[in-house]
Amino acid sequence: MMTILNKLRAVLISFIAVASLFFLVVNCSSTESISDEETIDPNGNNEEVAIYADINFSNWKITLPIDANNNGSPDEYQPSQLVNNGYRTLTQVKPFMYDDTTDASIVFYTYPAVSTANSSYSRTELRELINPSNSKDNWTLAEGGVMTGKLKVQSISENSQSSSTYHNVIVMQIHGIISQEDMNTHNFSSNNGPPLLKMYWKDGYLWAHKKSLLDESTEGDDLLDVSSSTWYDIKHNFGYVGFEPFTFKIIATQGKLELQLNNNPPFIYQDVSLSKWPFENYFKAGNYLVTTEPAAFSYIKYYNLNVTH
C-alpha cells in the first residue's frame, strides 16, 4: 500500500513541475519587451511613436522664399495658421518647413528666390510676434528677452564665387525696429531698424555680428539713423560647430548681451552702444541664406526653440 502511495506522490510532483514550467513559458512569451519607439494600442496593434521638435508657434510667423499669392512680397503665415499642427497642412509651407521625426526636428529649407524689400536674400525664417495680432508691438532691451535653441546645419551649397567652401547662413537674430512712437514723432516712411545681432554659420564656424556705434558720442535722434554710417558690425568667432547639433542661448538686457554656445562660458557684450541702442527688438530664427547664386540652397534643423520675456 505504501508503495502505491509513493508512486502516486511521485506522479503528482512530476505533473506539478511540468505545469509550472508550461505557465512560465507562456507568461514570458506574452510579455516580450516593446521597443521604446513603439506604443501599446488598445486594439492590440503596436505602432511607432512620432516625436516632434519642441517649438510652440503661438508667437512666431514664418516668411517663405516664394510669392505664391503674387502680391510682390515673400509669403508669410501667421501664428494662428501655424499652431495646433496647422503648418503641416499648409500647401505652400510644407516644402519649406517640415517635420523630420527620425530625429525630432523641424527642417527649414530655402534657396535664392523672393526676398523682402530690405534685403537681397531669401529666407525661410521665423519672426517673433509678442502680440500675435500686431507686429508693431515689440520689446526694448530694458524689458529684455531670452532665446534658446538647439539646431544644426544639415546641408548647404558650396560657394563657387569666393574663397569660402560653403555659402553663409544666418540662423538666429535680434532685429531692430523703430518704435511706433518714434515713427509718429519723426514721420519716418519705414520702421525697419538694423539687426542688433546676427548669428552666422560660416564654413562650420559660428560667428556673432553685433551692431556698434562708429562714434560712441552719438546722441539723441542721430541714433535712429539705421545706415552703416552710424552703426557697423563687430564680430566674434565662437568656434567650430560643423554639421553637428549645437545649443545657443541669447540673453538680452539693457546695455548687455550674453551669448552662450553649448555649455561653454558665456561671451558677453557690454558697452556704450548697447546702452544707447534706441530701437525696439524682436527675435528671429531659422534659415536666412546669404547668397543670390541661383543654384544655392540650405537646410537648417531645429530641435527646440524657446523665448521668454
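Quantities reported herein were computed from a predicted structural model and do not represent experimental measurements.
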Of K210, K256, K276, the one forming a side-chain hydrogen bond (donor to acceptor under 3.5 Å, both in side chains) with D271 is K210
Heavy-atom pair with the smallest gap, counting every atom of L289 and H167:
CD1-CB, 4.1 Å
Quick check for you: to the nearest 0.5 Å, what is the distance between I178 atom CD1 and S190 atom OG?
6.5 Å
Indicate whether any N or O donor in one side chain lies under 3.5 Å from an N or O acceptor in the other, for E293 and S160.
yes
Examine the side chains of T63 and E76 and answer whether a donor and an acceptor come within less than 3.5 Å of each other.
yes
For the residue pair S217 and D215, confirm or rule out a side-chain donor-acceptor distance under 3.5 Å.
yes
Has R88 got its NZ or CZ under 6.0 Å from the middle of the six-membered ring of Y98, at an angle within 45 degrees of the ring axis?
no
Can you tell me how far apart OH (Y302) and CG (D54) are? Round to the nearest 0.5 Å.
13.5 Å
Verify whether one side chain among Y52 and N85 offers a donor that lies under 3.5 Å from an acceptor in the other.
no
Once the angle between the rings of F248 and F238 is folded into 0 to 90°, is it parallel (under 30°), tilted (30 to 60°) or perpendicular (over 60°)?
perpendicular
Hey, can you tell me if H309 and W139 have their rings parallel, tilted or perpendicular (30° and 60° cut-offs)?
tilted
With no hydrogens and no angle check, just 3.5 Å: does a side-chain donor-acceptor pair link N159 and S162?
yes
For a quick test of reading the model, state the closest non-hydrogen atom pair linking V226 to P194 and the distance between them.
CG1-CD, 3.8 Å
Only residue of K284, K61, K198 satisfying salt bridge (charged side-chain N to carboxylate O under 4.0 Å, His left out) with E125 is K284
What is the minimum heavy-atom distance between P195 and Q173, and which atoms define it?
CB-OE1, 3.7 Å
Heavy-atom closest pair (W60 atom, A285 atom, distance to 0.1 Å) is CZ3-N, 4.4 Å
Side chains of N168 and S164, donor plus acceptor under 3.5 Å:
no
Under the salt bridge (charged side-chain N to carboxylate O under 4.0 Å, His left out) rule, what pairs show up with a residue in residues 101-116, not counting sequence neighbours?
D103-K301
Test Y87 against Y77 for ring-ring contact (aromatic ring centres under 6.0 Å, His included), laying out the working first.
CA-CA 9 Å; Y87 68 93; Y77 290 85; over 10 Å; no
Do K202 and W207 form a cation-pi contact, if we require the NZ or CZ to be under 6.0 Å from the six-membered ring centre and within 45 degrees of the ring's axis?
yes
Classify the ring geometry between W277 and W231 as parallel (under 30°), tilted (30 to 60°) or perpendicular (over 60°).
perpendicular
